[in-house]
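Written below as structure tokens is the structure these notes are about.
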Amino acid sequence: MRDLALHVTRAVDDADAAALAAIDAASFPHPTLDLAGELARSFARLWLAREGADDGPIVGFLLAWLVADEVHVLTVATAPDHRRRGVARALLDHLLVEARARRTTLLLLELRESNAAARALYEGFGFTAFAVRKGYYAEEGEDATEMRLALDAETGEIVPDPSAATER
Ligand SMILES: CC(C)(COP(=O)(O)OP(=O)(O)OC[C@H]1O[C@@H](n2cnc3c(N)ncnc32)[C@H](O)[C@@H]1OP(=O)(O)O)[C@@H](O)C(=O)NCCC(=O)NCCS
């Protein structure tokens, strides 16, 4: 995507918070973003994607926890009008740069079983499904697919995942 500015932030003003809440509400059936709580966690990272420049409108965000040598991707969301333009891919690219710099060995996430768009996005980065959590999304009783990406701490190369998806 052209004209996209990405950065990590710990300080979000009211306008940014409103923009993030709007994207969250438009992206998830049961939005749960606790922005203030996340920004207070030393191990949380919030990436913002802005259109045009560092002060442009927020078009997407990624929230992750970076703990020891693992990364848990909590949320990736792009504003509906800006989808399929590479925003989420750019956010994940940035996350992986930081993950590799920190010698991360494992990235984890879960998503709704029905979320084909997100699954395609993550598979494009080499994530593989390794487990299913039955009824994890309690409101609808929808299953969660758990995905992971293993990295070699020294080289940053993807470590192939030999396991197949299993239910538990
Ligand atoms: C999933 C989501 C984050 C993708 O964001 P995006 O900015 O549109 O994604 P990108 O444009 O960077 O797409 C990158 C790749 O992901 C895949 N992808 C993205 N959206 C897709 C869709 N609707 N259908 C199929 N594949 C899709 C494609 O492989 C795409 O590459 P391509 O456009 O070259 O084919 C976005 O649809 C969204 O916000 N959904 C609601 C929130 C959500 O489900 N988040 C993920 C769970 S936490």
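In each ligand, atom 1 is the first atom listed, and ligand 1 is the first ligand listed. The residues of the chain are indexed from 1 along the displayed sequence.
There is a side-chain donor-acceptor pair under 3.5 Å between Ser27 and Arg83. In summary, the side chains of Glu110 and Thr145 do not present any donor paired with an acceptor at a separation below 3.5 Å, with no hydrogens or angles considered. A donor and an acceptor atom, one from each side chain of Glu38 and Trp65, are located under 3.5 Å apart. One side chain, Thr105 or Asp69, offers a donor N or O that lies under 3.5 Å from an acceptor on the other.
The contact set between ligand 1 and Gly86, taken as ligand atoms under 4.0 Å from a residue heavy atom, comprises 10 (P), 11 (O), 12 (O). When each atom of ligand 1 is checked for a heavy atom of Ala118 under 4.0 Å away, the hits are 1 (C), 46 (C). Within the listing of ligand 1, atoms 7 (O), 12 (O) sit less than 4.0 angstrom from a heavy atom of Val87.
In terms of protein heavy-atom proximity, atom 4 (C) of ligand 1 is nearest to Ala88 CB, 3.8 Å. The nearest protein atom to atom 23 (N) of ligand 1, hydrogens excluded, is given as Ala117 CB, 3.4 Å; this is a heavy-atom distance. The nearest protein atom to atom 41 (C) of ligand 1, hydrogens excluded, is given as Ser27 O, 3.5 Å; this is a heavy-atom distance.
The part of Tyr122 lying near ligand 1 is the side chain, judged by heavy-atom distances below 4.0 Å. Of the heavy atoms in Arg112, none comes closer than 4.0 Å to ligand 1. Here Asn115 has side-chain heavy atoms under 4.0 Å from ligand 1, and that is the only part of it that gets that close.
Comment: Asp55 does not engage Arg50 in a salt bridge, judged by the lack of any side-chain N to carboxylate O separation of less than 4.0 angstrom. Arg103 has a carboxylate O that lies under 4.0 Å from a charged side-chain N of Glu154, or vice versa, which qualifies the two as a salt bridge.
Taking every heavy atom of both residues into account, Gly126 and Ile158 meet most closely at CA-CD1, 4.5 Å.
Closest heavy-atom approach to atom 22 (C) of ligand 1 among the candidates Glu123, Arg89, Arg84: Arg84.
Screening Leu62, Leu74, Leu35 for a side chain to side chain contact (heavy atoms under 4.5 Å, CB included) involving Leu46 leaves a single residue, Leu35.
For atom 2 (C) of ligand 1, no protein heavy-atom neighbour is present inside the 4.0 Å cut-off.
On a distance-only criterion, Arg85 and ligand 1 share at least one N/O pair closer than 3.5 Å.
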